[in-house]
Amino acid sequence: MLQISVLRDQTELVLAGLAKKHYATGPADVAAILDLDQRRRSLQTSHDQAKTEGNEMARLIGPLLKKQNSAAIPALDGSLSPMEGISLASYQRQATEAKERVKTALLDLAQVEKEQQQLLYKLPNLPHASVPQGRAAQDNEVVREHGTKPTLGPDAQPHWELIKKYDIIDFELGNKITGAGFPVYKNQGARLQRALINFFLDEARNAGYTEIQPPILVNEASGYGTGQLPDKEGQMYHDAKDDLYLIPTAEVPLTNIYRDEIIAPDKLPVRMAGHTPCFRREAGSWGADVRGLNRLHQFDKVEIVQITEPDQSYGALEAMLAHVEGLLQQLNLPYRVLRLCGGDMGFTAALTYDLEVWSAAQGRWLEVSSVSNFETYQANRLKCRYRADGGKTQLLHTLNGSALALPRIVAALLENNQTSTGIDLPQVLHSYCGFERIG
RNA sequence: AGAGAGGUGGCAGAGUGGUCGAAUGCGACGGUUUCGAAAACCGUUAUACCGGCAACGGUAUCGGGGGUUCGAAUCCCCCCUUCUCUACCA
């Protein structure tokens with residue numbers, strides 16, 4: 001979430017950013033938050049004062065009570081003088097009264113903090129200056145296009161036909177065991193999956209990312225840490241019995257490794273890569289977009305995450321983008337890079353590049369990766385900080401990107417490389433697969 | 001899942017309801033000493049919020065949340081978690 005100090009000190013900037021993201025209730029929300037902030041601070045002050053008074057009284061009462069109690073022991077005879085007796089009674093009265101004030105201040109404070117928190121959670125991240133204006137997908141900026149689209153024969157088939165033809169992915173079977181959107185990978189289809197995962201992980205490791213195998217169920221705090229909660233609650237599968245969420249992306253467990261951490265500067269930047277299954281409820285999605293492998297409830301993905309010092313994060317973002325492009329180039333897939341416009345960007349991102357591969361038989365671009373810089377938006381929730389040369393602790397920047405998501409890569413590989421007798425896989429996968437063609 | 005024992009500062013490890021943010025040791029940092037280093041000695045060594053330009057002052061935090069009390073690391077309740085034994089299991 002946004003830092004309250006930024007809202008206070010750079011209100012105009014915040015409002016402009018929210019407008020660029022097409023966040024409609026920005027001005028009202030910001031005004032409400034600042035108003036609550038005023039009240040919060042004054043309540044905090046009166047709480048502190050009442051508490052100070054209570055503490056002082058307690059300090060005065062202690063010795064007097066002790067002396068009074070020792071009166072029972074003749075040798076000590078610590079009876080209080082009349083003056084002391086009066087003081088004691090007065091201290092006790094004051095202490096009780098201060099206690100009441102603390103109590104009410106605390107109740108009000110909790111209420112105000114809760115309201116402020118809820119409003120802050122609603123605010124999306126502010127877009128980076130280079131983010132194009134725009135409301136939706138058609139306003140995204142095409143940064144570059146790479147590779148040549150293959151020309152397919154007249155009998156070319158979309159991947160949902162090809163997978164049947166070669167019996168490598170079975171949707172009906174998944175439907176039987178689980179439900180729609182949970183395909184079963186078989187034979188060369190299963191081996192191709194495993195090959196791609198290994199290829200992606202090896203490439204990530206070679207690029208300096210530490211390989212991590214995180215849990216794929218996370219608790220509520222982790223969901224809040226990376227911003228899936230509270231606003232995207234319905235998109236995650238939730239195990240109510242244990243109050244755990246199936247991860248929609250490895251970003252969640254990986255980034256949360258550093259929740260509530262102050263990272264030593266010599267450990268920066270943090271670079272992590274992990275392969276996990278990802279689960280998305282995608283409630284309400286339907287239509288031609290979701291055929292075949294285009295949209296699934298469960299899929300595999302290799303994710304890369306970086307945590308950097310603030311002035312390093314945009315360099316890291318470009319490096320991550322270059323890494324993902326390298327993967328696509330090695331897979332020999334035509335792709336394009338988009339810089340998302342303000343209205344199409346994710347809630348938590350400051351700048352996002354989407355990478356799309358050309359799906360030849362479908363004749364459309366498929367998003368296979370999204371590489372984002374969140375700046376301090378996640379770090380603020382995560383309390384992920386570092387100490388800059390002996391100074392104060394400071395929030396870090398978090399970034400992540402898919403490198404890569406499997407199903408759409410598979411779809412493009414199948415469609416783009418099909419021949420009438422089989423599918424020729426790109427060279428780089430031959431040794432990983434143990435075969436060169438499907439069929 | 002059942003029984004028992006624990007969870008204290010970067011780590012180790014004390015702690016009686018009453019100046020306990022918390023002894024002590026280690027580690028780290030700064031200094032003295034040294035040609036340099038080691039050793040020794042001295043000092044510093046959490047996070048967050050509020051007020052203040054700042055110096056600084058206040059408040060909270062001893063797994064988490066409630067409660068008792070003028071006052072809780074210390075007493076009571078609930079939850080989480082670690083270890084040991086038993087049961088079960090890949």
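Please read all numbers here as calculations on a predicted model, not as lab measurements. Chain letters run A, B, ... following the sequence lines, proteins first, then strands; residues in each count from 1.
- Between B:C85 and B:G18, the two C1' atoms lie 41 Å apart (nearest whole Å).
- Per the geometry, CZ belonging to A:R39 stands 16 Å off P belonging to B:C50, to the nearest Å.
- One P atom belongs to B:U16, the other to B:C89, and the distance between them is 45 Å to the nearest Å.
- Summarising the base pairing, B:C29 is matched to B:G43 through a Watson-Crick or G-U wobble pair whose two defining distances lie under 3.5 Å.
- Contact of the A:V131 side chain with the A:R339 side chain is not registered, since no non-hydrogen atoms from C-beta on lie closer than 4.5 Å.
- Taking atom CD of residue A:Q38 and atom C1' of nucleotide B:G51, one finds them 13 Å apart after rounding to whole Å.
- Nucleic acid contact for A:R40: sugar-phosphate only, since backbone atoms but no base atoms lie under 4.0 Å from a heavy atom of the residue.
- Taking the nucleotide of RNA chain B with the nearest heavy atom to each of A:D37 and A:A95, the more 5' of the two is matched to A:D37.
- Taking atom CG of residue A:L395 and atom C1' of nucleotide B:A48, one finds them 12 Å apart after rounding to whole Å.
- Here B:C80 presents its C1' atom at 13 Å from CG of A:L244, a figure rounded to the nearest Å.
- For the pair A:D260 CG and B:G64 C1', the interatomic distance rounds to 13 Å; values are reported in whole Å.
- Remark: side-chain polar atoms of A:H297 are paired, donor with acceptor, to backbone N or O of A:R280 under 3.5 angstrom.
- Using C1' as the reference atom, B:C75 and B:G71 are 13 Å apart when rounded to the nearest Å.
- B:C50 atom P lies 17 Å from atom CG of A:D108, rounded to whole Å.
- There is no side-chain donor-acceptor pair under 3.5 Å between A:N55 and A:T52.
- Taking the P atoms as reference points, B:U68 lies 35 Å from B:A12, given to the whole Å.
- Taking each heavy atom of A:L396 and A:I263 in turn, the nearest pair found is CD1-CD1, 3.7 Å.
- Searching all strands for a Watson-Crick or G-U wobble partner of B:C49 with both distances below 3.5 Å returns B:G58.
- Using a 4.0 Å heavy-atom distance criterion, A:T393 is classed as a sugar-phosphate-only contact.
- Per the geometry, CG belonging to A:L36 stands 17 Å off C1' belonging to B:C50, to the nearest Å.
- For B:G17 and B:C62, the C1' atoms lie 15 Å apart once the distance is rounded to whole Å.
- Atom C1' of B:C26 sits at a distance of 37 Å from the matching atom of B:C78, rounded to the whole Å.
- Using atom C1' as the reference point in both B:C83 and B:U34, the two lie 49 Å apart (nearest Å).
- Remark on RNA chain B: of its neighbouring residues A:R41 and A:I262, the 5'-side contact belongs to A:I262, judged by nearest-heavy-atom nucleotide.
- Annotation for A:R291 and A:H159: closest pair O-NE2, 4.2 Å, computed over non-hydrogen atoms.
- Contacts between residues 43-57 of chain A and RNA chain B, defined by a heavy-atom separation under 4.0 Å, are made by A:Q44, A:T45, A:H47, A:D48, A:K51, A:T52, A:N55.
- Across A:T226 and A:T348, no two heavy atoms sit closer than the pair O-CG2, 4.0 Å.
- Distance, A:R259 CZ to B:G63 P: 18 Å, rounded to whole Å.
- Expressed to the nearest 0.5 Å, how far CG of A:L120 lies from NZ of A:K122 amounts to 11.0 Å.
- Taking atom P in both B:G25 and B:A73, one finds a spacing of 24 Å when rounded to whole Å.
- If you check B:G9 for Watson-Crick or wobble pairing at under 3.5 angstrom, you find it has no partner at all.
- Annotation: side chain of A:T376 is not in contact with side chain of A:P310 (no heavy-atom distance under 4.5 Å).
- Base-pair partner of B:U69: not found among the strands shown (Watson-Crick or G-U wobble, both distances under 3.5 Å).
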